[in-house]
Amino acid sequence: MATADLTYGGVVPALIEVVPELRDALNEHIRDNDEILQHVFFGCDVVPFVLDAWKHGRAGVLARCLGFLDAAMASPSTRELVAVSFVEAVGPWDSTMADFIAIWPQALAEEAAAQVG
């Protein structure tokens, strides 16, 4: 993960390198928007994809997603993107998300806890 481009402009292509299963969603996103809108892509495509991986027990995909998101959460350039468009979109205050959030790595888990207060 240390080689990933965790700048705001590079985070989506870096995510696709780690999670190529999101490539079709990104291509559709670009067709719809004529560009990459990071917050929209994370909130509308990444969140449902990661939740689906969790719900269907796709452990390898889930681990790659959460590992990448945790690294992006820890990066000053992409922290807000992940906090708002992933963590907040998941809804850490929603009790039905508790089991999911319980498996999150440190930076994601800390942000979820901070949002709950």
Side-chain angles (χ1 to χ4, degrees):
M1 196 73 55
T3 61
D5 181 356
L6 295 179
T7 63
Y8 187 76
V11 71
V12 172
L15 173 60
I16 299 305
E17 284 185 33
V18 174
V19 188
E21 295 90 343
L22 281 166
R23 186 174 309 283
D24 289 342
L26 176 61
N27 290 340
E28 184 176 328
H29 172 86
I30 293 170
R31 274 194 305 275
D32 292 347
N33 298 290
D34 295 322
E35 63 183 322
I36 298 172
L37 304 172
Q38 289 86 335
H39 281 274
V40 174
F41 183 69
F42 270 65
C44 294
D45 295 293
V46 175
V47 169
F49 178 84
V50 175
L51 285 171
D52 185 71
W54 172 62
K55 288 176 183 173
H56 290 96
R58 296 187 350 239
V61 171
L62 183 60
R64 284 185 283 127
C65 291
L66 292 177
F68 183 89
L69 291 164
D70 196 60
M73 186 71 224
S75 171
S77 297
T78 53
R79 178 176 177 71
E80 180 184 340
L81 169 66
V82 178
V84 171
S85 297
F86 182 78
V87 177
E88 187 174 322
V90 167
W93 51 86
D94 181 347
S95 62
T96 65
M97 293 290 102
D99 288 343
F100 177 48
I101 292 167
I103 66 167
W104 284 6
Q106 183 176 354
L108 287 175
E110 288 174 357
E111 179 61 25
Q115 287 190 18
V116 171

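The chain is numbered in sequence order, starting from 1. All values below come from the heavy atoms of this structure, side chains included, with hydrogens, waters and symmetry mates left out.
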* Would you check if the side chain of Asp94 reaches a backbone N or O of Thr96 as a donor-acceptor pair within less than 3.5 Å? => yes

* For the pair Ser75 (side chain) and Leu6 (backbone), establish whether a donor and an acceptor sit closer than 3.5 Å, ignoring hydrogens and angles. => yes

* Just do the side chain to side chain contact (heavy atoms under 4.5 Å, CB included) check on Val50 and Phe68 with the steps written out, would you? => CA-CA 11 Å; Val50 175; Phe68 183 89; over 6 Å; no

* Mind checking whether Met73 and Thr78 have side chains closer than 4.5 Å, heavy atoms only? -> no

* Could you grab the distance from atom CG of Leu108 to atom SG of Cys65, nearest 0.5 Å is fine? => 11.0 Å

* Atom of Gly43, atom of Pro48 and distance for their closest heavy-atom approach -> O-CD, 3.8 Å

* To do: Taking Gln115 for its side chain and Ala83 for its backbone only, find out whether a donor-acceptor pair lies under 3.5 Å.
  => yes

* Relative to the ring of Phe86, is the ring of Phe100 parallel (under 30°), tilted (30 to 60°) or perpendicular (over 60°)? -> perpendicular

* To do: May I ask whether Trp93 and Val47 are part of the same hydrophobic cluster, defined by side-chain heavy atoms of I, L, V, M, F, W, Y residues being less than 4.5 angstrom apart, directly or through others?
  => no

* Going by heavy atoms in the side chains, are Pro13 and Asp5 under 4.5 Å from each other? -> no

* Kindly work out whether a path of hydrophobic side-chain contacts (I/L/V/M/F/W/Y, heavy atoms less than 4.5 Å apart) joins Val116 to Val90. => no

* Structure fact -> Taken to the nearest 0.5 Å, the spacing of Trp54 CH2 from Leu66 CG works out to 11.0 Å

* **Candidate pair Tyr8 and Arg79, rule side chain to side chain contact (heavy atoms under 4.5 Å, CB included), full reasoning** => CA-CA 9 Å; Tyr8 187 76; Arg79 178 176 177 71; over 6 Å; no

* To do: Using the rule that two of Ile, Leu, Val, Met, Phe, Trp, Tyr join whenever any of their side-chain heavy atoms come within less than 4.5 Å, decide whether Val11 and Val40 are in one cluster.
  => no

* To do: Specify the closest pair of heavy atoms between Ala112 and Trp104, including all atoms of both residues, with the distance to one decimal.
  => CB-CZ3, 3.7 Å

* Are Val84 and Met97 connected, step by step, through hydrophobic side chains (Ile, Leu, Val, Met, Phe, Trp, Tyr) whose heavy atoms are closer than 4.5 Å? -> no

* To do: Return each pair, listed once, that meets salt bridge (charged side-chain N to carboxylate O under 4.0 Å, His left out) where at least one residue sits in residues 66-76; pairs must be two or more places apart or across chains.
  => none

* Are Arg58 and Phe49 in a cation-pi contact, defined as NZ or CZ under 6.0 Å from the six-membered ring centre and within 45° of the axis? -> yes

* To do: Run through Asp34, Leu26, Asp32 and flag the one making a side chain to side chain contact (heavy atoms under 4.5 Å, CB included) with Ile30.
  => Leu26

* Would you indicate whether the side-chain heavy atoms of Phe42 and Leu69 approach each other to under 4.5 Å? => yes

* Asked: Under the 3.5 angstrom rule, does the side chain of His29 hit a backbone N or O of Leu37 as a donor-acceptor pair?
  -> yes

* **Main-chain N/O of Asp52 paired to His56 side chain as donor or acceptor, under 3.5 Å** => yes

* Asked: Glu111 versus Val82: any side-chain heavy-atom pair under 4.5 Å?
  -> no

* Asked: Any salt bridge (charged side-chain N to carboxylate O under 4.0 Å, His left out) pairs touching residues 20-29, not counting sequence neighbours?
  -> Glu21-Arg64

* Structure fact -> The residue among Val12, Val46, Leu15 that forms side chain to side chain contact (heavy atoms under 4.5 Å, CB included) with Gln38 is Val12

* Asked: Heavy-atom count around Gln106 CD within 6.0 Å, excluding the residue itself: above 12?
  -> no

* To do: Provide the closest heavy-atom pair for Pro92 versus Ile101 in the form atom of the first, atom of the second, distance.
  => CA-CD1, 3.3 Å

